[in-house]
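One structure is given here, and the rest of the page talks about it.
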Amino acid sequence: MGEDSATPARTRSRTVAVLGSSGGNLRSHGGDDPAALLAELRRQLRAAEIEVVAVQFVSAQASMDGVSPGTPAQLWELVDGEPSVTAAGPLREVDEVAARADAALAGRVAAGEVDGLVLVSADPRGANAATVAAAVARDLPAAGTGGTSVAQAQQLGLHLVAASGTTGTTSRTRAIACAAGLSRHWGLGYRPALGGGSDGGSDDGGTGGPAWKRISIRGIMVGSLPAFVGLALVLALSKVPGLGALTDVFDLLLNGLPVVVAAVAARKVSGLGDVGLVAGAVAGILSAEGGILGGLVGGVLAGLVAAPLVGWTLRHRFPATTANIVTGAVAGLAPGLLVHVVLAPVTSAAGDGVKSGIEAALAFSPVLAGALAGAAIWFAIVGGVYHTVILPLVLLEMGQKGHSFFGAIDMVGLVVVSLGITLANVVKPRTSGERALAGSGAAVNFSFGTFVEASYPFMFGDRRVFAAAVGAATAGGAVVGAFGVEASAYLPVFTAPFIATDALGMVVAMLVSGGLAFTATLLVNLHHRRSRRAPDPAPEGAAVR
């Protein structure tokens, strides 16, 4: 017979079998990606020291609410310890294979090789009938999601220690709910594994530790970058004759940037995927008056609240659907209201302070400020601090007015300089093999403005080229300062003048930095080629003809 939740935990890990299908409603909540769904289940169960020893999962290419016997389907099972497809074909044929697998798994359950079940939109009266019956006979605990299948399992007498519907859940929160229910029943310690994984946690590798360890300004800013680039594109298009109406679109996007930053921040910090995203969006809407920094603070706080809140709700036996709703709502509302009522004036003032500081430096000596920024930017990117210092400054400025002094420095000092270096290596490379490498880098920089690293092989291969890059960026930055140009980066080079506050100044700055980088690199390469062709000096005393 099964064991009560008061039974002391055994020293060996518990074992479970996962039964399920891509489901009806589940198919639009992660059931269409069995690999990710099963990986997240195993990840959370492993965190609770529960081992998945068997899988029987039927995946169809349509919702189970409307399938036919001929619908293409697959059967997933454990093969050498990894979920793999063991049968594929029409659903009727896959169901036949699944029935045989069900009978074999039921034998394992009856033999005591399995301690519990995890049901994910399973079929207790069909494809999983034998295994469920064997689990009922042994009074094994089970955790499951999927309203209809869970209800059927309960009618058959299965001991459900955690049950929920599917609506509003994700692969991660369903897995956490199942792991929490079983670990609570068996008295096991369990801390949800958040960040990274299969459900869209941190893009920086993720961690199962405390949420605060997932706070990464670099990750948040890079994740938010597409919204800022979209803003810059709308600004450029609004200057085209006949498209002046896009100015209103630009204003809408500008006001929405704090929401984007908050949503990305909460998603990454919480490690809860879509649940964190929703919490961040709610917090961002309420934090918008605090500007980009307000959105950043609101989103980070939402992520910090969401991570423990989802665990708290599940420990207190909230169904997974309710846990999702409560987490997304409360984790967004509480921090959002805090920023809206208390912190918005502070974050707004901080953003204005950064803006005023840049303006003060430009007012003191625009040429010097531009030159220093240009000289420093290559050291910033090579030293690994670009994404944590320069990029946030670019986005902070753009979040206030749609263009940025440091955005212009980025384009002139990094993108155009890299373009000049690579073009020189296309025209006159040191070796023929370098021409193709330089050509692809130059094309990406010109067309997209996102591959300044293309010049690294040439800069690090010769210190003179590195010095030329810094010098060209310094000169270009000085011109940016002299003209008072503001623009954006991460856009095609040819679009830069259209989004700049001073098109002529931007063109001049680009010609200066790109021209210097190209000329200096070309001269270095020519010197290198000549030195390779020069004969070695004759040894002392040797006859010279």
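Because the structure is a prediction, the values reported are computed rather than measured.
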Within the distance-only criterion (no hydrogens, no angle test), does the side chain of Ser348 pair as donor or acceptor with the backbone N or O of Gly291 below 3.5 angstrom?
no
With sequence neighbours excluded, what pairs up with Thr86 under the side chain to side chain contact (heavy atoms under 4.5 Å, CB included) test?
Leu75, Glu77, Val79
Side chain to side chain, Asn128 and Leu119, heavy atoms closer than 4.5 Å
no
Between atom CG of Leu91 and atom OG of Ser59, what is the distance when rounded to the nearest 0.5 Å?
10.0 Å
Which heavy atom in Ser404 sits nearest to a heavy atom in Leu393, and how many Å separate them?
OG-O, 4.4 Å
First locate atom OH of Tyr190, then atom CZ of Arg184, and finally report the distance between them rounded to the nearest 0.5 Å.
11.5 Å
Measure the spacing between CG of Leu41 and CZ of Arg172 and express it to the nearest 0.5 Å.
12.0 Å
Any donor-acceptor pair under 3.5 Å linking the side chain of Thr347 with the backbone of Gly290?
yes
Partners of Trp378 by side-chain hydrogen bond (donor to acceptor under 3.5 Å, both in side chains), sequence neighbours excluded?
none
Using every non-hydrogen atom in the two residues, find where Ala122 and Ser149 come nearest and quote the distance to one decimal.
O-CB, 2.9 Å
Does any part of the side chain of Met64, heavy atoms only, come nearer than 4.5 Å to the side chain of Arg27, both counted from C-beta?
no
Taking the side chain as every heavy atom from C-beta outward, state whether Ile50 and Leu188 have any pair of such atoms under 4.5 Å apart.
yes
By the definition side-chain contact (heavy atoms from CB on, under 4.5 Å), identify the one residue from Asp115, Val109, Leu158, Val132 that meets it with Leu140.
Val109
If every non-hydrogen atom of Ser22 is compared with every non-hydrogen atom of Gly31, which pair is closest and at what distance?
CB-O, 3.2 Å
I'd like to know if the side chain of Ser270 reaches the main chain of Ala266, judged simply by a donor and an acceptor atom lying under 3.5 Å from each other, with no hydrogens or angles considered.
yes
To the nearest 0.5 Å, tell me how far Glu40 CD sits from Thr173 OG1.
9.0 Å
Ignoring hydrogens and angles, tell me if any N or O in the side chain of Arg138 forms a donor-acceptor pair with the backbone of Val114 under 3.5 Å.
yes
What's the verdict on side-chain contact (heavy atoms from CB on, under 4.5 Å) for Val310 and Val275, showing C-alpha distance, side-chain angles and the deciding distance?
CA-CA 9 Å; Val310 70; Val275 177; 6.0 Å; no
Run the side-chain contact (heavy atoms from CB on, under 4.5 Å) check on Val385 and Phe379 step by step: do they pass?
CA-CA 9 Å; Val385 299; Phe379 294 102; over 6 Å; no
Evaluate the side-chain proximity of Arg100 to Val97: yes if any heavy-atom separation is below 4.5 Å, no if none is.
yes
Search all heavy atoms of Gly181 against all heavy atoms of Val161 and return the closest pair with its distance.
O-CG2, 3.7 Å
Under a 4.5 Å cut-off applied to non-hydrogen side-chain atoms, are Gln56 and Thr131 in contact?
yes
Using modelled atom types and a 3.5 Å cut-off, is there a donor and acceptor pairing between side-chain atoms of Gln44 and backbone atoms of Ala193?
yes
When you measure from the side chain of Ser183 to the backbone N and O of Ala180, does any donor-acceptor pair fall under 3.5 Å?
yes
With sequence neighbours excluded, tell me which residues meet ring-ring contact (aromatic ring centres under 6.0 Å, His included) with Phe448.
none
Rounded distance (nearest 0.5 Å) linking atom CG of Leu37 with atom CG of Asp32
9.5 Å
What pairs with Ile285 under side chain to side chain contact (heavy atoms under 4.5 Å, CB included), at least two apart in sequence or on another chain?
Val259
Considering only heavy atoms from C-beta outward, does the side chain of Asp123 approach that of Val58 to under 4.5 Å?
no
Mind checking side-chain hydrogen bond (donor to acceptor under 3.5 Å, both in side chains) for Thr327 and listing every partner two or more places apart, or none if nothing turns up?
none
With sequence neighbours left out, write down each residue that passes salt bridge (charged side-chain N to carboxylate O under 4.0 Å, His left out) with Glu82, or none if nothing qualifies.
Arg42
Non-hydrogen atoms of Leu491 and Ala232 that approach each other most closely
CD1-CB, 3.7 Å
Distance alone, cut at 3.5 Å: any donor-acceptor contact between the side chains of Thr170 and Asp274?
no
Applying side chain to side chain contact (heavy atoms under 4.5 Å, CB included), name anything that partners Leu225, two or more places apart in sequence or on another chain.
Val229, Leu391, Leu395, Tyr490
Partners of Ser84 by side-chain hydrogen bond (donor to acceptor under 3.5 Å, both in side chains), sequence neighbours excluded?
none
Salt bridge (Lys or Arg N to Asp or Glu O under 4.0 Å) contacts in which one or both residues fall within residues 383-400, not counting sequence neighbours:
Glu397-Lys401
Under the side chain to side chain contact (heavy atoms under 4.5 Å, CB included) test, which residues partner Ala323, sequence neighbours left out?
Thr313, Leu314, Phe318
Mind checking whether Asp410 and Val415 have side chains closer than 4.5 Å, heavy atoms only?
yes
Under the criterion side-chain contact (heavy atoms from CB on, under 4.5 Å), I'd like the reasoning laid out for Leu182 against Leu45: C-alpha separation, chi angles, the key distance, then a yes or no.
CA-CA 9 Å; Leu182 290 170; Leu45 291 167; 4.2 Å; yes
Not counting sequence neighbours, which residues clear salt bridge (charged side-chain N to carboxylate O under 4.0 Å, His left out) with Arg108? List them please.
Glu113
Shortest non-hydrogen contact between Gly219 and Ser216, atoms and distance:
N-OG, 2.9 Å
List the residues meeting salt bridge (charged side-chain N to carboxylate O under 4.0 Å, His left out) with Glu93, not counting sequence neighbours, and say none if there are none.
none
Are Leu78 and Pro83 close enough that some pair of their side-chain heavy atoms sits under 4.5 Å apart?
yes
Go through the steps for Tyr456 and Ile381 under the test side-chain contact (heavy atoms from CB on, under 4.5 Å), then give the verdict.
CA-CA 11 Å; Tyr456 279 7; Ile381 195 168; 3.8 Å; yes
Can you tell me how far apart CG (Leu337) and CG (Leu301) are? Round to the nearest 0.5 Å.
12.0 Å
